[in-house]
Amino acid sequence: MTYVRGRACVEDSFPGYERVRRNTCVWMFCGAVRLVCTQSLLFYSHSVCKRIFYCPKSRFRRAGFAVTSTQQFLQLSDISSLMEETEANPVSVLTGEKRSFPDEDPKHASKKLRVEEESRGEDEGEQLDEEGEPCEEEEEEEEESFADMMKHGLSEADVGILKFISEHKGFSGILKERYSDFVVHEINKDGKIVRLDDLSVPADAEENSSDCSPAECQSLTEEQKQQLDELQLFKNKEGNVAIEVQEDSKEKRTLLHKAVKTLYPGLETKTEDREGKKFIVAYHAAGKKALAAPRKHSWPKNRGSFCHFVLYKENKDTMDAINLLSKFLRVRPNMFSYMGTKDKRAITVQEIAVLKISAERLSHLNKCLMNLKLGNFSYKKHPLKLGELQGNHFTVVLRNISGSLEQVEQAMTSLRESGFINYYGMQRFGTTAVPTHRVGRAILQNNWKEVVDLILKPRPGAEKGYLVKCREEWARSQDPEAALKKLPVKRCVEGQLLRGLAKYGKNNIITAFGLIPRNNRLMYIHSYQSYVWNCMVSRRMEAFGLRAVEGDLVLRGGSAHVLSADDAEKHSAHDVVMPLPGFDVIYPTHSVGQGYRDMLSTDELDIDNMRHKVRDYSLAGAYRRILIRPRDVSWELIQYDDPRVPLVHTDVEKLENAPAPVYLKEGKYRALKMEFSLPSSTYATMAIREVLKMDTSIKNQTQLNTLWLN
């Protein structure tokens with residue numbers, strides 16, 4: 001019997017999984033799913049299991065009895081009978097990627113069942129009533145599956161994504177069934193695909209400093225150097241190293257001071273008299289912080305101030321990865337710079353730069369970090385800037401496709417030759433029942449009460465449990481401090497807004513809203529711009545199709561120009577751009593231009609006055625191409641039997657000399673593996689949408705996945 005433990009495994013196996021509470025111990029038995037929890041857990045799965053038992057420690061309602069301990073839960077005869085019934089009718093279950101324990105003899109299974117102690121923190125403990133008893137859960141919450149909850153999510157039509165340009169017949173396929181089915185490599189500003197292919201540390205990173213003169217280096221004996229090495233690494237129990245000055249002179253003492261400080265960054269020195277002799281005493285000036293954050297002057301002068309490296313990450317958001325690195329290195333996250341953020345549910349490879357952290361320190365993190373790998377180190381004089389990249393190279397696997405070979409060939413040929421409509425993807429608008437563009441519209445309308453209501457009000461759909469409780473408290477009491485107490489994680493948008501309301505009052509919403517980081521605030525109004533753009537492009541494609549027409553806009557030297565009838569004959573739709581609404585753009589002069597004006601007027605916004613009284617929310621606008629033709633397009637059909645087998649050879653597997661996936665000539669399932677490159681700010685999901693001719697929203701993919709598995 002195979003055992004899978006922990007959040008990572010569950011999440012990898014079940015793309016629809018959402019964990020509502022933290023630090024919960026979960027055991028899954030392959031063949032069916034049983035959950036043993038130390039606290040309430042909400043587990044939604046649109047994945048492979050036919051039967052899911054929801055078993056919080058507090059109650060086990062389906063069997064009609066209470067469970068007061070995990071041990072009691074395991075000993076119940078009813079559960080044993082259920083296990084026997086399931087073993088008689090096995091169900092195929094996907095295990096986690098690269099994280100499952102090896103198969104074992106069932107008689108040793110009990111050795112694996114370790115249930116972690118229950119955490120008593122307010123963010124992790126069970127909800128108790130006034131008498132200290134576990135509170136009853138709603139029956140509906142127990143029964144509602146992830147697929148049911150995602151029925152409240154957004155579809156492509158909700159955000160203006162309506163049209164296709166290809167003529168082939170669409171077919172179905174599952175996107176991101178496993179996160180390893182979606183691999184992204186950054187394309188840097190030189191046009192080179194960023195890959196992780198070298199874990200070694202540059203030679204100069206191992207040298208202490210080239211500023212150490214021969215006289216300084218020779219002033220220390222080998223024994224003294226060894227003692228100083230141990231002191232620098234906190235291996236010296238004394239806490240200092242005393243070096244006797246043999247030839248007492250100011251020059252000799254100065255030489256020793258310089259040698260220690262140059263060769264051993266983080267150490268300070270002082271001169272002491274001991275029994276009539278002079279000693280140079282080396283010590284840590286600021287304890288362990290000195291090693292974690294060496295003094296600025298200890299950085300070699302001939303080395304660039306920024307260490308650039310390639311970050312390989314699996315199933316982790318870019319900012320989550322950077323926050324993790326900063327925690328281990330004991331530096332602020334803003335010490336890191338990057339050219340763009342990457343998807344969470346994917347394997348991604350990108351370049352990162354960090355200020356005055358050596359490659360040696362970074363490479364040590366490879367020993368202790370899961371799902372992250374750092375390599376290709378180099379030192380440069382400059383950081384990275386957002387938007388500097390040329391684009392991204394994608395390797396995507398669509399599993400369980402229904403299309404014939406002819407359909408696939410037609411679809412991929414069309415993608416290569418004609419491209420796709422450059423819509424803003426679903427990621428731009430959020431996944432809950434309250435889309436981000438509605439918040440953006442309220443900000444632009446200066447309707448701040450609606451902004452607060454949209455962000456904090458209860459909403460249907462899949463959400464973390466503590467957010468649900470926070471929203472319910474806000475709806476009940478309208479008390480920001482009471483609602484804030486329901487949030488164990490205060491850094492989320494809801495927590496930051498509530499902190500602002502508690503600090504500045506509900507009558508000063510603009511100032512309170514300002515506590516949300518600027519990028520997050522701007523995300524809302526950019527989402528509204530994207531929504532308008534999507535709607536107008538759909539209208540333009542319906543009206544004029546794939547030809548340039550009089551009144552369209554094209555870019556010349558960075559400025560937009562309106563096409564005349566004669567100019568339109570010299571251009572194609574691939575040259576046409578459409579504006580995101582703002583005060584510094586012009587609009588098409590044909591009917592779609594009037595569509596912009598009508599749409600904003602319906603939303604009670606003045607297209608001729610897009611400046612806001614809060615400067616940050618004034619929209620300048622921008623231009624975006626309506627069609628994109630991918631580069632380096634290639635594809636192949638793959639047959640496979642085991643849905644757990646990865647179908648992409650990753651950079652880390654190549655570094656470890658792991659064998660490449662072997663594709664079958666005949667298999668139970670078929671997959672389409674495609675590769676292509678896109679410019680920055682372009683959504684790969686929209687390219688995939690053009691191939692499949694189907695809705696790529698989580699709402700639709702969840703329903704598709706559920707139908708396939710059932």
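Worth knowing before you read on, the calculation uses all heavy atoms, side chains too, and leaves out hydrogens, waters and symmetry mates.
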> Should Q496 and P517 count as side-chain neighbours, where that means a heavy-atom distance under 4.5 Å?
Replying inline: yes
> Where is the tightest heavy-atom contact between T318 and Q350, given as atom of each residue plus distance?
Replying inline: OG1-OE1, 3.1 Å
> How far does OG1 of T685 sit from CZ of F394, to the nearest 0.5 angstrom?
Replying inline: 8.5 Å
> Are the charged groups of E473 and R476 less than 4.0 angstrom apart, N to O?
Replying inline: yes
>> If you compare all heavy atoms of L498 against all heavy atoms of A483, which two are closest, and at what distance to 0.1 Å?
In response: CD1-CB, 3.8 Å
> Under a 4.5 Å cut-off applied to non-hydrogen side-chain atoms, are I443 and W448 in contact?
Replying inline: yes
>> Under a 3.5 Å distance rule, please check whether S530 uses its side chain to pair with a backbone N or O of Y424 as donor and acceptor.
In response: no
> Is any side-chain N of the basic residue among K176 and D181 closer than 4.0 Å to the acidic one's carboxylate O?
Replying inline: no
> Thinking salt bridges, do R689 and E156 make one under a 4.0 Å N-O criterion?
Replying inline: yes
> If you measure from CZ on R438 to CZ on F429, what distance do you get to the nearest 0.5 Å?
Replying inline: 14.0 Å
> Is there a donor-acceptor pair closer than 3.5 Å between any side-chain N or O of Q445 and the backbone N or O of D603?
Replying inline: yes
> How about K313 and I347: do any of their side-chain heavy atoms sit closer than 4.5 Å?
Replying inline: no
> With a 4.5 Å limit on heavy-atom distance, are the side chains of I510 and K613 in contact?
Replying inline: yes
> Counting distance only, does the side-chain N/O of T436 pair as donor-acceptor with the main-chain N or O of R428 below 3.5 Å?
Replying inline: yes
>> For the CG atom on N507, are there more than 12 heavy atoms of other groups (residues, nucleotides or ligands in this structure) within a distance under 6.0 Å?
In response: no
>> For R345, is there any backbone N or O sitting under 3.5 Å from a side-chain donor or acceptor partner on D343?
In response: no
> Side chains of V331 and S326: closer than 4.5 Å at any heavy-atom pair?
Replying inline: yes
>> Donor-acceptor check, side chain of R459 to backbone of L454, threshold 3.5 angstrom: yes or no?
In response: yes
>> Test salt bridge (Lys or Arg N to Asp or Glu O under 4.0 Å) on E186 and K342; report intermediate values, then the result.
In response: CA-CA 9 Å; E186 199 169 65; K342 300 290 179 280; 2.9 Å; yes
>> With side chain to side chain contact (heavy atoms under 4.5 Å, CB included) as the criterion, how do L386 and T341 come out once you've worked through the C-alpha distance, each side chain's angles and the decisive distance to 0.1 Å?
In response: CA-CA 9 Å; L386 277 172; T341 57; 5.6 Å; no
> Just checking, K373 and Y312: is the charged tip under 6.0 Å from the six-membered ring centre and within 45° of the axis?
Replying inline: no
> Considering only heavy atoms from C-beta outward, does the side chain of T348 approach that of N392 to under 4.5 Å?
Replying inline: no
> After noting the C-alpha distance and the side-chain angles of L311 and V349, does the key distance pass the side chain to side chain contact (heavy atoms under 4.5 Å, CB included) rule?
Replying inline: CA-CA 6 Å; L311 171 67; V349 184; over 6 Å; no
> Say you draw a straight line from SG of C535 to OH of Y423; how long is it, rounded to the nearest 0.5 Å?
Replying inline: 9.0 Å
> Is it true that atom NZ of K506 has more than 12 heavy atoms of other residues, nucleotides or ligands lying nearer than 6.0 Å?
Replying inline: yes
>> Which heavy atom of D616 sits nearest to which heavy atom of R521, and what is that distance?
In response: OD2-NH1, 3.5 Å
>> Counting C-beta onward and ignoring hydrogens, is there a side-chain heavy-atom pair between Y683 and Q427 closer than 4.5 Å?
In response: yes
>> I'd like to know if the side chain of N534 and the backbone of V159 have a donor-acceptor N/O pair within less than 3.5 Å.
In response: yes
> Donor-acceptor pair, D453 side chain versus K449 backbone, under 3.5 Å?
Replying inline: no
>> When you compare the side chain of Y524 with that of I455, does any pair of heavy atoms fall below 4.5 Å?
In response: yes
>> Please determine whether ring pair (Phe, Tyr, Trp, His ring centres under 6.0 Å) holds for the pair H437 and Y531, giving the CA-CA distance in whole Å, both sets of side-chain angles, and the decisive distance to 0.1 Å.
In response: CA-CA 7 Å; H437 71 266; Y531 170 66; 4.1 Å; yes
>> side chain to side chain contact (heavy atoms under 4.5 Å, CB included), that's the test. Do L580 and V532 meet it? Break it down for me.
In response: CA-CA 7 Å; L580 284 88; V532 173; over 6 Å; no
> Do side-chain atoms of R399 reach the backbone of I174 as a donor and acceptor pair under 3.5 angstrom?
Replying inline: no
